[in-house]
Amino acid sequence: MSTNPNPCITCGACCATYRVSFYWGETTLAPYGQVPAELTEKISPQRVCMSGTQGAEPRCVALRGTVGQDATCSIYGDRPSPCRDFEINFDGVNPACDRARARYGLVPIHVVQIEPENADLEIVA
């Protein structure tokens, strides 16, 4: 049983499963870009991806730690839009999250028991 109010924070399965591609203007090469350009690879004239996510065994260069245990994003505050848009799967609405977790032998987040702060009950969606 997890006592972490948000098991997504330490998971990282999505970061080590999918290619993270996005418009190059999100990188620091653009005036208002935030994603460090040195952590990206060009995939077309308009698109880049996070380094490490384009191969058969993807793992984002910004991912630190062990998937499913202590994973963390080293650029979390400056992560690209696909990462910001990837929804946590607390209610079972993101099958891509389930697939990523299954790849690493992890149960879907909406099945994980979570102990809310200051409460004696466990929530199981």
Do Tyr76 and Phe86 sit in the same hydrophobic cluster, where Ile, Leu, Val, Met, Phe, Trp and Tyr count as joined when their side-chain heavy atoms come under 4.5 Å apart?
no

Do Arg19 and Pro58 come within less than 4.5 Å of each other through their side chains, counting heavy atoms only?
no

Interatomic spacing from SG in Cys73 to CG in Leu63 - rounded to 0.5 Å:
7.5 Å

Mind listing the closest non-hydrogen atom pair of Arg103 and Ala56 along with its distance?
NH2-O, 3.8 Å

Say whether Tyr23 and Leu29 are linked into one hydrophobic cluster, either directly or through other cluster members, by side-chain heavy-atom distances under 4.5 angstrom.
yes

Taking all atoms of both residues into account, what is the closest heavy-atom pair of Thr53 and Cys60, and its distance?
CG2-CA, 3.6 Å

Begin from the C-alpha positions of Thr10 and Gln69 and carry the test side-chain hydrogen bond (donor to acceptor under 3.5 Å, both in side chains) through to its verdict.
CA-CA 6 Å; Thr10 58; Gln69 295 178 20; over 6 Å; no

Could you tell me if the side chain of Pro80 sits less than 4.5 Å from the side chain of Val20, heavy atoms only?
yes

Applying side-chain contact (heavy atoms from CB on, under 4.5 Å) between Tyr18 and each of Ser21, Cys14, Cys15, report the one that passes.
Cys14

Smallest separation among heavy atoms of Ile109 and Cys97, with atom names
CD1-SG, 4.3 Å

Between Gly68 and Leu106, which heavy-atom pair has the shortest distance, and what is it?
CA-CD1, 3.7 Å

Roughly how far, to the nearest 0.5 Å, is CD1 of Ile43 from CZ of Phe22?
8.5 Å

Any side-chain heavy-atom pair of Trp24 and Thr40 under 4.5 Å:
no

Got a salt bridge between Glu41 and Arg47, using NZ or NE/NH1/NH2 to carboxylate O under 4.0 Å?
no

Where is the tightest heavy-atom contact between Gly12 and Val67, given as atom of each residue plus distance?
O-CG2, 3.9 Å

Please determine, by modelled atom types, if Thr28 and Gln34 share a side-chain donor-acceptor pair under 3.5 angstrom.
no

Mind checking the OG-NZ spacing from Ser51 to Lys42? Nearest 0.5 Å is all I need.
14.0 Å

Can you find a pair of side-chain heavy atoms, one from Met50 and one from Ile75, that are under 4.5 Å apart?
yes

Quick one: do Val35 and Leu39 end up in the same hydrophobic cluster if we chain Ile, Leu, Val, Met, Phe, Trp and Tyr together by side-chain heavy atoms under 4.5 Å apart?
yes

Has Glu87 got more than 12 heavy atoms of other residues, nucleotides or ligands less than 6.0 Å from its CD?
no

On a heavy-atom basis, the closest approach of Arg84 and Gly77 is NH2-O, 2.6 Å

Is Val61 reachable from Val48 through a run of hydrophobic residues whose side-chain heavy atoms are each under 4.5 Å from the next?
yes

